[in-house]
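Reviewing the structure listed below.
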Number of protein chains: 2
Amino acid sequence: MQDLSPQQNDQIDEAIVSGILSARIRPGTRLGESEVASLFNVSRTRVREAMMRLEQRGIVKVSPRRGWFVVEPSAEEAMMVYAARRVIEAGLLRSMERLTESGRDKLHAHLAEEKLAIAAGDRQRLTCLMGDFHIRIAELSGNTILVEILRDLTARTILISLIYQSDFHAMQSHLGHCRIVAAMEEGDFLKAAELSVEHLDEVETGLDLTRRPDPLADLRHSLSLPPQNAAASSNAPRKAKS
Amino acid sequence: MQDLSPQQNDQIDEAIVSGILSARIRPGTRLGESEVASLFNVSRTRVREAMMRLEQRGIVKVSPRRGWFVVEPSAEEAMMVYAARRVIEAGLLRSMERLTESGRDKLHAHLAEEKLAIAAGDRQRLTCLMGDFHIRIAELSGNTILVEILRDLTARTILISLIYQSDFHAMQSHLGHCRIVAAMEEGDFLKAAELSVEHLDEVETGLDLTRRPDPLADLRHSLSLPPQNAAASSNAPRKAKS
DNA sequence: GCGACAAATCTTGCATACAAGTTTGGAAAG
DNA sequence: CTTTCCAAACTTGTATGCAAGATTTGTCGC
């Protein structure tokens with residue numbers, strides 16, 4: 001069959017995706033081949049292959065002869081990602097017919113984790129969990145194809161929220177998740193599907209899609225400067241004579 | 001955006017996918033790196049990169065130190081692919097609200113092409129068109145993410161049908177498509193979604209998922225032997241027929 | 001001081017070389 | 001004649017080298 005445990009092939013991929021899922025890697029981050037290669041003590045070849053795979057998954061982009069960058073979804077792409085998620089997640093819930101005991105337990109365990117992270121104020125963990133919730137639901141269907149699709153869409157969702165989301169209403173999202181689970185427990189998957197669409201709409205509405213990706217975000221953060229919206233500075237400060 | 005015209009990067013990928021979409025490449029086909037490389041007059045490096053991308057898309061698999069092979073979806077995978085398509089396509093149709101004129105025209109043009117291919121008995125073209133129909137619908141939504149997802153699922157669907165489908169009821173599928181378009185023209189997207197699910201169920205039901213992938217298929221074909229189902233796995237293939 | 005230009009320094013793109021593992025074919029033994 | 005075993009031939013896996021292009025930096029002219 002396949003080797004399951006020593007997946008050294010996907011090691012780099014998963015490390016990067018994991019970094020994105022926990023919001024440790026910001027959109028627009030440059031991932032130089034040599035840089036990553038030395039980090040993992042491998043040659044550029046393997047890094048390059050990993051990047052090719054990630055590019056296919058819509059997670060990184062290459063700018064020719066400049067480097068690899070974590071994608072910065074445009075407003076248009078952001079809307080498409082949310083639309084895709086609405087279609088898939090609602091379709092998934094509608095196609096479900098029953099919630100097994102073990103499935104219910106897994107969902108409850110997940111909600112408990114969310115509560116814990118909220119209480120602890122662990123924002124990185126929370127970001128990861130909020131995205132994972134939807135993957136947990138897909139996992140109930142047993143359809144690994146849909147799970148993988150949603151995993152990638154979730155990664156992109158997190159990147160989107162890092163660009164366009166001013167502040168993250170964790171509690172609101174958590175309640176949305178609770179409502180969806182409640183509907184599923186009632187066996188009302190149609191309602192769950194509708195709640196899911198509402199939930200995603202809510203999150204999307206919370207985005208400020210007029211905000212442009214800030215190319216200086218990481219530098220700004222490194223210098224402990226206030227975020228872009230506070231200063232209200234124009235994005236193109238091309239040597240205004242002052 | 002992206003460079004659209006001189007896509008020399010995806011040339012190999014697209015050539016292989018195109019070969020699958022038109023059923024010229026059978027599941028299980030070996031795609032040696034050197035072989036493909038010499039075919040495209042490039043080095044193994046680029047072929048390898050293309051294969052990595054195709055692997056991510058679920059279209060090829062690598063068997064370590066043995067070679068790259070076009071995937072032979074298992075019965076389980078086949079069911080997951082169809083389930084995923086039902087979820088996505090039904091969800092997509094349900095989320096639609098109106099059919100634009102140009103959209104209607106495109107669908108009609110597609111149905112006309114299907115009719116033409118049926119009349120001409122051009123089976124390769126027909127296979128391709130039957131899959132493309134569902135992509136055309138996704139294209140109406142303008143959501144390129146979903147389009148790409150469905151494109152890959154369609155490729156896998158064709159591989160599945162090449163393994164498990166004994167005979168292809170083109171007319172039945174075509175009528176299914178016509179019914180879906182009719183419902184869309186009426187503005188009844190819920191009905192279209194239901195018809196779509198039915199249509200996919202119909203196709204899936206037409207599969208013989210007990211049939212194992214035949215590793216000798218291409219050799220068998222090269223030797224002009226009858227397909228596997230005609231003669232049992234007996235070692236003495238007595239052909240009493242004329 | 002300021003802008004333009006050119007070289008130096010990166011970066012990926014791609015080919016090639018070699019290492020490691022798999023299959024195959026044939027020789028030798030029974 | 002059949003079976004076993006070993007070596008030769010392929011295959012992918014990985015690293016490395018070089019070329020081409022982009023960016024940056026330093027310098028010169030004004």
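Only heavy atoms go into these numbers, but all of them, side chains included; no hydrogens, no water, no symmetry mates. Just so it is clear: chains get the letters A, B, ... in the order the sequence lines come, proteins before strands, and each one is counted from 1.
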Can you tell me if B:Ser95 and A:Arg86 form a side-chain donor-acceptor pair at under 3.5 Å?
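The criterion, which ignores hydrogens and geometry beyond distance, is not satisfied for A:Arg86 and B:Ser95.
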The side chain of [X] lies closest to which of these nucleotides: [options]?
| X | options | value |
| --- | --- | --- |
| A:Arg46 | C:dG21, D:dT14, C:dG13 | D:dT14 |
| A:Arg44 | D:dG17, C:dA19, D:dT23 | D:dG17 |
| A:Trp68 | D:dG13, C:dG13, C:dC14 | C:dG13 |
| A:Arg48 | C:dT11, D:dA15, C:dG13 | C:dG13 |
| B:Arg66 | D:dT14, D:dT12, C:dT22 | C:dT22 |

Would the base of C:dT12 count as contacting A:Arg65 through its side chain, where contact means a donor and an acceptor less than 3.5 Å apart?
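Present.
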In whole angstrom, give the distance that lies between atom [atom1] of [X] and atom [atom2] of [N].
| X | N | atom1 | atom2 | answer |
| --- | --- | --- | --- | --- |
| B:Glu33 | C:dT22 | CD | C1' | 15 Å |
| A:Phe40 | D:dT14 | CZ | C1' | 17 Å |
| A:Ile12 | D:dT14 | CD1 | C1' | 12 Å |

Would you please confirm or rule out a distance under 4.0 Å between OP1 or OP2 of C:dC14 and any side-chain N or O of B:Thr45?
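B:Thr45 to C:dC14 OP1/OP2: no side-chain N or O under 4.0 Å.
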With DNA chain D as reference, determine whether A:Glu49 or B:Arg30 sits nearer its 5' end, using the nearest nucleotide of each.
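Comparing both residues, the 5'-ward one is B:Arg30.
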With nearest nucleotides of DNA chain D determined for A:Asn41 and B:Gly32 from heavy-atom distances, which residue corresponds to the more 5′ nucleotide?
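Mapping each residue to its closest nucleotide by heavy atoms, the 5'-most match is B:Gly32.
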Could B:Arg125 and B:Glu113 be called an ion pair, given the rule that one side-chain N must be under 4.0 Å from one carboxylate O?
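Judged by the 4.0 Å cut-off on N to carboxylate O distance, B:Arg125 and B:Glu113 do form a salt bridge.
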Is A:Asp152 salt-bridged to A:Arg156, cutoff N-O under 4.0 Å?
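No, this pair does not count.
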Just checking B:His110 against B:His134, ring centres under 6.0 Å apart?
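So the answer is no for these two rings.
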